[in-house]
Structure formats: structure tokens, C-alpha cells
2 protein chains.
Amino acid sequence: MNMDLALPALAALAHPTRLEAFRLLVRHEPEGLSTGKLVEASGLSQSTFSTHLAVLAKAGLVRSEKDGRQIIQRAHIDTLRDLMLFLAKDCCQGRAELCEPLLAELACC
Amino acid sequence: MNMDLALPALAALAHPTRLEAFRLLVRHEPEGLSTGKLVEASGLSQSTFSTHLAVLAKAGLVRSEKDGRQIIQRAHIDTLRDLMLFLAKDCCQGRAELCEPLLAELACC
DNA sequence: CTGGTCCATCGGATATTCCCGATAGAATTT
DNA sequence: AAATTCTATCGGGAATATCCGATGGACCAG
């Protein structure tokens with residue numbers, strides 16, 4: 001992960017519709033959800049949501065897979081993990097104490 | 001952290017100038033950097049960068065403190081940590097196995 | 001108090017994002 | 001083959017973001 005990958009990922013998540021959709025997909029791992037279900041959940045028009053989905057896909061946050069007539073969307077957790085590591089790495093670099101609280105709270109897993 | 005706090009933080013970081021500035025400030029914790037030094041590093045005009053800095057501040061990612069004629073900017077790591085926890089929480093919720101790789105790599109701290 | 005430095009904000013031009021309806025392609029159903 | 005379902009893309013209008021120079025307030029030095 002570097003700036004060129006992190007920026008599209010951040011921009012993709014920096015929109016209420018896309019952030020909500022991505023979180024919904026994360027919660028539906030690993031089965032995923034069809035595009036239609038996502039459109040329905042968004043409350044937006046089909047075309048508008050399709051554009052949002054393309055932004056998430058281009059950022060590597062969502063992967064799609066054909067299933068007959070539908071397309072199943074799935075969150076690509078690796079990209080999220082890489083993004084978080086990218087953001088956290090600056091802290092760790094010189095000053096581990098900055099990341100300790102983060103690590104402690106993530107211990108919920 | 002919730003959507004209303006996460007969205008401005010994500011949007012603030014989703015710009016090359018702001019992301020670079022924030023990362024620079026993180027690396028300069030806990031002393032911080034003056035606004036002037038940040039402007040210089042950005043290569044943009046003073047007014048333009050000032051606007052970017054205001055976006056970071058409004059998102060809670062940067063705190064400022066007067067020091068004579070200058071203003072010292074500092075990264076507010078708590079907000080970054082909360083943002084990352086907000087994004088990670090969805091994974092942890094039902095499926096801890098999704099977060100394990102993230103936790104493992106963060107063990108660098 | 002005068003001049004200089006540091007920074008935020010305003011005004012305005014350009015570029016980008018966001019939304020929708022309409023259209024079109026791909027796949028199943030009848 | 002025809003009709004239906006599912007999704008991506010196009011065209012265009014409205015809103016927002018981004019950039020800069022200019023202006024002004026706060027602060028310090030002389």
C-alpha cells in the first residue's frame with residue numbers, strides 16, 4: 001500500500017452511500033450480496049448506486065463475481081487491512097507508544 | 001466514532017495534500033510543526049494550504065496551538081485510532097478471523 | 001507606533017462529484 | 001424467439017471542491 005492506492009480507497013469510503021455499502025458488505029462476508037440488494041438498501045437510483053459501486057471496485061475495496069443473472073459483490077478485506085496498516089505505519093515507525101492504544105483496543109478480536 | 005465523525009475524517013484524508021500533511025505531522029509527534037513549515041512542504045500557496053489545514057482540523061485530525069506569532073499544528077492520533085477502530089469493528093463483530101491478519105501485522109509495534 | 005511576519009478568510013474561476021432518467025448488453029424464463 | 005430481469009454506461013444539470021491572489025487581523029521587533 002502506498003499513497004496511490006490509499007487515496008482512492010479513502011476517497012471511496014469518504015461518501016455516506018459508499019461507506020454504508022462497504023460496511024454492509026463486510027458484515028455479509030463471506031457470502032456477499034447481489035448488486036440489486038445493495039441498490040435496494042441504498043435507497044438511491046440503480047444507476048447512481050452502480051456508479052458508487054464502481055468507485056469501490058476501482059479502489060479494490062469490493063470484488064464482484066457473476067452468479068447467473070445477478071452479480072455478487074463482496075468486500076475485499078485485504079485492501080482495508082492494507083489501508084489501515086498504511087495509516088498506522090507512520091506511528092509505529094518511530095514511536096511505538098502511539099500505536100499501543102490502537103493495538104490494545106483491537107484486541108477485542 | 002460513528003458515521004458522522006468518520007466521514008469527515010475519511011474525506012479529509014482523501015486528498016494528496018492533506019494526507020501528506022497529516023502523515024508528516026504524525027511523524028513529527030509530539031513536537032508538531034508550524035503552519036509555515038507545512039505550507040513550505042506542501043508547495044502550494046499559503047491560502048490554499050490553510051484551507052486544507054482547516055479541513056483536517058474540522059475533522060479532528062489536527063489540533064493547533066499558538067506559539068507566539070506562529071501556530072503549531074499537531075496530529076491528533078486519538079481520532080485516527082477511533083477511525084481505524086470504527087472501520088475494524090464491523091469485521092470483529094461477527095468474524096474475528098477477518099481481523100486477525102490485521103492484528104498480526106500491527107504487532108510490529 | 002511603525003514595519004514586518006504569520007496565518008485565516010474572501011472572491012472568483014475552473015474542475016470534479018453527484019444525482020437522475022434513458023439506453024443498451026447479458027442472462028434467464030416462458 | 002420474445003419477454004423479463006439485472007446491471008453498466010451515457011448525457012446533462014446542480015452542487016461541491018480546489019486553486020489562487022488579495023485583503024485583513026494578530027503578534028512581535030525595533
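By convention in this document, chain letters (A, B, ...) are assigned in the order of the sequence lines, proteins followed by strands, and residues within each chain are numbered from 1.
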What I'd like to find out is whether the side chain of [X] reaches to under 4.5 Å of the side chain of [Y], using heavy atoms alone.
X     : Y     : result
A:S50 : A:Q46 : yes
A:L13 : B:L83 : no
B:L56 : B:L25 : no
B:F86 : A:R23 : yes
B:L53 : B:Q73 : yes
B:I72 : B:L33 : no

Compute the bend angle of the helix from C:dC1-D:dG30 to C:dT30-D:dA1 from the end axes (five pairs per end), rounded to 10°.
-> 20°
Whole-Å gap separating [atom2] ([N]) and [atom1] ([X]):
X     : N      : atom1 : atom2 : answer
B:I71 : D:dC28 : CD1   : C1'   : 14 Å
B:K58 : C:dA8  : NZ    : P     : 14 Å
B:E40 : C:dT5  : CD    : C1'   : 14 Å
A:D67 : D:dT7  : CG    : C1'   : 14 Å
B:L7  : C:dT17 : CG    : P     : 17 Å
A:L33 : D:dT7  : CG    : C1'   : 16 Å

Any donor-acceptor N/O pair, [X] side chain to [Y] backbone, under 3.5 Å:
X     : Y     : result
A:R74 : A:P30 : yes
A:H76 : A:D78 : no
A:N2  : A:L5  : yes

Residue whose nearest DNA chain C nucleotide is more 5′ - B:T35 or A:G68 | B:T35
Nucleic acid footprint by protein, nucleotides 17-26 of chain D - heavy-atom cut-off 4.0 Å, B for base, S for sugar-phosphate alone = -SSBBB---S
Would you indicate, yes or no, if D:dT7 has its OP1 or OP2 atom less than 4.0 angstrom from a side-chain nitrogen or oxygen of A:S50?
-> no
Selection from C:dC6, C:dA8, D:dT7 that lies nearest to any side-chain heavy atom of A:Q70 |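 Ranking C:dC6, C:dA8, D:dT7 by closest atom to the A:Q70 side chain puts D:dT7 first.
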